[in-house]
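Structure record follows, encoded as C-alpha coordinates.
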Amino acid sequence: MTAPQRLMQHDTDPAKDILKQVGDLSKFVLFGNQILLGVYKRPEKTKSQIYLPDQTRQEDEHQGKAALVLMKGPTAFVSDDNYDFKGQDVKVGDWVSIFVSDGRKLMINGQLCRIVEDQHIKLKIPTPDAVY
(Lines give C-alpha, C1' and ligand atoms only; values in the text may rest on other atoms or scores of the structure.)
Protein backbone atom coordinates (compact mmCIF):
# COMPACT_ATOMS: atom_id res chain seq x y z
CA MET A 1 0.00 0.00 0.00
CA THR A 2 1.37 3.42 -0.92
CA ALA A 3 1.25 6.51 1.25
CA PRO A 4 -1.12 9.26 0.13
CA GLN A 5 0.44 12.07 -1.85
CA ARG A 6 0.53 15.39 0.01
CA LEU A 7 -0.80 17.81 -2.57
CA MET A 8 -0.09 21.40 -1.68
CA GLN A 9 -2.52 24.32 -1.65
CA HIS A 10 -1.28 26.76 -4.29
CA ASP A 11 -2.90 30.18 -4.41
CA THR A 12 -0.99 30.87 -7.64
CA ASP A 13 0.82 28.72 -10.19
CA PRO A 14 4.23 27.83 -8.64
CA ALA A 15 5.92 27.83 -12.07
CA LYS A 16 4.73 31.38 -12.75
CA ASP A 17 5.84 32.42 -9.27
CA ILE A 18 9.38 31.10 -9.85
CA LEU A 19 9.58 32.71 -13.30
CA LYS A 20 8.35 36.04 -11.95
CA GLN A 21 10.81 35.98 -9.05
CA VAL A 22 13.85 35.07 -11.17
CA GLY A 23 12.97 37.70 -13.79
CA ASP A 24 14.57 38.21 -17.18
CA LEU A 25 17.26 35.63 -17.91
CA SER A 26 17.90 36.77 -21.50
CA LYS A 27 21.35 38.16 -20.67
CA PHE A 28 22.45 34.99 -18.86
CA VAL A 29 24.53 32.48 -20.83
CA LEU A 30 24.62 28.91 -19.58
CA PHE A 31 27.59 26.86 -20.78
CA GLY A 32 27.94 23.28 -21.94
CA ASN A 33 25.63 20.63 -20.56
CA GLN A 34 24.44 22.68 -17.58
CA ILE A 35 20.78 23.14 -16.61
CA LEU A 36 19.55 26.10 -14.54
CA LEU A 37 16.70 25.14 -12.21
CA GLY A 38 14.40 27.22 -10.03
CA VAL A 39 13.91 25.33 -6.75
CA TYR A 40 10.33 24.76 -5.62
CA LYS A 41 9.52 25.76 -2.06
CA ARG A 42 6.30 24.32 -0.68
CA PRO A 43 3.54 26.69 0.45
CA GLU A 44 2.40 26.74 4.05
CA LYS A 45 -0.49 24.30 3.78
CA THR A 46 -1.63 21.19 1.96
CA LYS A 47 -4.90 20.83 0.06
CA SER A 48 -6.23 18.92 3.06
CA GLN A 49 -5.52 22.06 5.17
CA ILE A 50 -2.53 20.67 7.08
CA TYR A 51 -0.13 23.49 7.89
CA LEU A 52 3.58 22.84 7.37
CA PRO A 53 5.88 24.33 9.99
CA ASP A 54 8.23 27.06 8.79
CA GLN A 55 11.19 24.84 9.63
CA THR A 56 9.86 22.12 7.31
CA ARG A 57 9.36 24.62 4.50
CA GLN A 58 12.81 26.14 5.04
CA GLU A 59 14.32 22.69 4.60
CA ASP A 60 13.26 22.94 0.94
CA GLU A 61 16.14 25.40 0.55
CA HIS A 62 18.60 22.65 1.45
CA GLN A 63 16.72 19.45 0.61
CA GLY A 64 14.26 20.52 -2.11
CA LYS A 65 13.92 17.79 -4.70
CA ALA A 66 11.59 19.50 -7.19
CA ALA A 67 12.64 22.26 -9.55
CA LEU A 68 11.54 24.09 -12.66
CA VAL A 69 13.80 24.06 -15.73
CA LEU A 70 14.71 27.70 -16.42
CA MET A 71 17.55 27.37 -18.96
CA LYS A 72 19.55 24.71 -20.78
CA GLY A 73 23.14 24.95 -21.96
CA PRO A 74 23.84 24.38 -25.68
CA THR A 75 24.97 20.77 -25.24
CA ALA A 76 22.47 19.76 -22.54
CA PHE A 77 20.88 16.39 -23.36
CA VAL A 78 23.00 15.99 -26.48
CA SER A 79 24.35 12.44 -26.63
CA ASP A 80 28.08 11.99 -27.14
CA ASP A 81 30.76 9.30 -26.68
CA ASN A 82 30.52 9.63 -22.88
CA TYR A 83 26.75 9.60 -22.36
CA ASP A 84 23.75 8.45 -24.42
CA PHE A 85 20.43 10.04 -23.44
CA LYS A 86 18.47 7.68 -25.70
CA GLY A 87 16.25 10.55 -26.84
CA GLN A 88 15.34 11.72 -23.34
CA ASP A 89 15.24 15.47 -22.84
CA VAL A 90 13.66 18.25 -20.79
CA LYS A 91 12.30 21.58 -21.92
CA VAL A 92 12.27 24.97 -20.25
CA GLY A 93 9.16 24.96 -18.08
CA ASP A 94 9.31 21.24 -17.19
CA TRP A 95 9.22 20.15 -13.57
CA VAL A 96 12.07 17.81 -12.68
CA SER A 97 13.51 16.03 -9.67
CA ILE A 98 17.17 16.03 -8.63
CA PHE A 99 19.37 14.99 -5.74
CA VAL A 100 20.40 18.28 -4.17
CA SER A 101 23.97 17.08 -3.71
CA ASP A 102 24.29 16.99 -7.51
CA GLY A 103 23.85 20.73 -7.98
CA ARG A 104 25.38 24.07 -7.08
CA LYS A 105 23.07 26.40 -5.17
CA LEU A 106 22.78 30.10 -6.08
CA MET A 107 20.27 32.94 -5.75
CA ILE A 108 18.99 34.89 -8.75
CA ASN A 109 16.90 37.93 -7.82
CA GLY A 110 15.96 36.28 -4.53
CA GLN A 111 14.93 32.98 -6.14
CA LEU A 112 16.79 29.89 -4.99
CA CYS A 113 18.24 28.14 -8.03
CA ARG A 114 20.55 25.24 -8.74
CA ILE A 115 22.86 24.51 -11.63
CA VAL A 116 23.19 20.82 -12.45
CA GLU A 117 24.67 18.78 -15.25
CA ASP A 118 22.11 17.27 -17.60
CA GLN A 119 22.75 13.67 -16.50
CA HIS A 120 21.85 14.64 -12.91
CA ILE A 121 18.22 15.21 -13.80
CA LYS A 122 16.62 12.11 -12.30
CA LEU A 123 13.10 12.34 -13.75
CA LYS A 124 10.43 14.64 -15.13
CA ILE A 125 7.49 15.04 -12.78
CA PRO A 126 3.93 16.24 -13.43
CA THR A 127 3.75 18.61 -10.45
CA PRO A 128 6.35 19.89 -8.00
CA ASP A 129 4.63 18.33 -4.99
CA ALA A 130 4.83 14.83 -6.51
CA VAL A 131 8.24 13.97 -5.01
CA TYR A 132 8.13 14.70 -1.26
Can you tell me how the ring of Phe85 sits relative to the ring of Phe77, calling it parallel under 30°, perpendicular over 60° and tilted otherwise?
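Rings of Phe85 and Phe77: tilted, 30 to 60°.
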Are side-chain heavy atoms of Lys105 and Leu112 found at a separation under 4.5 Å?
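Yes, side chains in contact.
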Can you find a heavy atom in the side chain of Leu106 that is under 4.5 Å from one in the side chain of Arg114?
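Side chain of Leu106 against side chain of Arg114, heavy atoms only: no contact under 4.5 Å found.
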Check whether Ser97 reaches the backbone of Lys65 with its side chain - one donor and one acceptor, N or O, closer than 3.5 Å.
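Checked: pair present.
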Side-chain heavy atoms under 4.5 angstrom apart, residues restricted to Ile, Leu, Val, Met, Phe, Trp, Tyr: same cluster for Val96 and Tyr83?
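Looking at the clustering, Tyr83 is in the same group as Val96.
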In chain order, what residues pass the side-chain hydrogen bond (donor to acceptor under 3.5 Å, both in side chains) check against [X], with sequence neighbours excluded?
| X | value |
| --- | --- |
| Lys124 | none |
| Thr75 | none |
| Asp102 | Lys122 |
| Ser101 | none |

Looking at Tyr40 and Pro14, what are the two nearest heavy atoms and their distance?
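In this case the closest contact between Tyr40 and Pro14 is CE1-CB, 3.9 Å.
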Shortest non-hydrogen contact between Gly103 and Val116, atoms and distance:
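Of all heavy-atom pairs spanning Gly103 and Val116, the closest is CA-CG1, 3.5 Å.
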I'd like a table of donor-acceptor pairs (distance under 3.5 Å, sequence neighbours excluded) in which one partner is a side-chain atom from residues 26-39, with atom names and distances.
{"from": "Ser26", "atom 1": "OG", "to": "Asp24", "atom 2": "OD1", "distance (Å)": "2.8"}
{"from": "Ser26", "atom 1": "OG", "to": "Asp24", "atom 2": "OD2", "distance (Å)": "3.1"}
{"from": "Asn33", "atom 1": "ND2", "to": "Asp118", "atom 2": "OD1", "distance (Å)": "3.1"}
{"from": "Asn33", "atom 1": "ND2", "to": "Gln119", "atom 2": "OE1", "distance (Å)": "3.4"}

Partner residues of Leu19 under the side-chain contact (heavy atoms from CB on, under 4.5 Å) criterion, sequence neighbours left out:
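In terms of side-chain contact (heavy atoms from CB on, under 4.5 Å), with neighbours along the sequence ignored, Leu19 is linked to Leu68, Leu70.
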Hey, could you give me each pair passing salt bridge (Lys or Arg N to Asp or Glu O under 4.0 Å) that has a residue in residues 71-87? Not counting sequence neighbours.
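Non-adjacent pairs meeting salt bridge (Lys or Arg N to Asp or Glu O under 4.0 Å): Lys72-Asp89, Asp84-Lys86.
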Mind checking the NZ-CG spacing from Lys20 to Asn109? Nearest 0.5 Å is all I need.
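Reported value, rounded in 0.5 Å steps: 13.0 Å.
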Apply side chain to side chain contact (heavy atoms under 4.5 Å, CB included) to the pair Gln111 and Ile18, showing each step before the final yes or no.
CA-CA 7 Å; Gln111 172 61 51; Ile18 290 172; 3.9 Å; yes
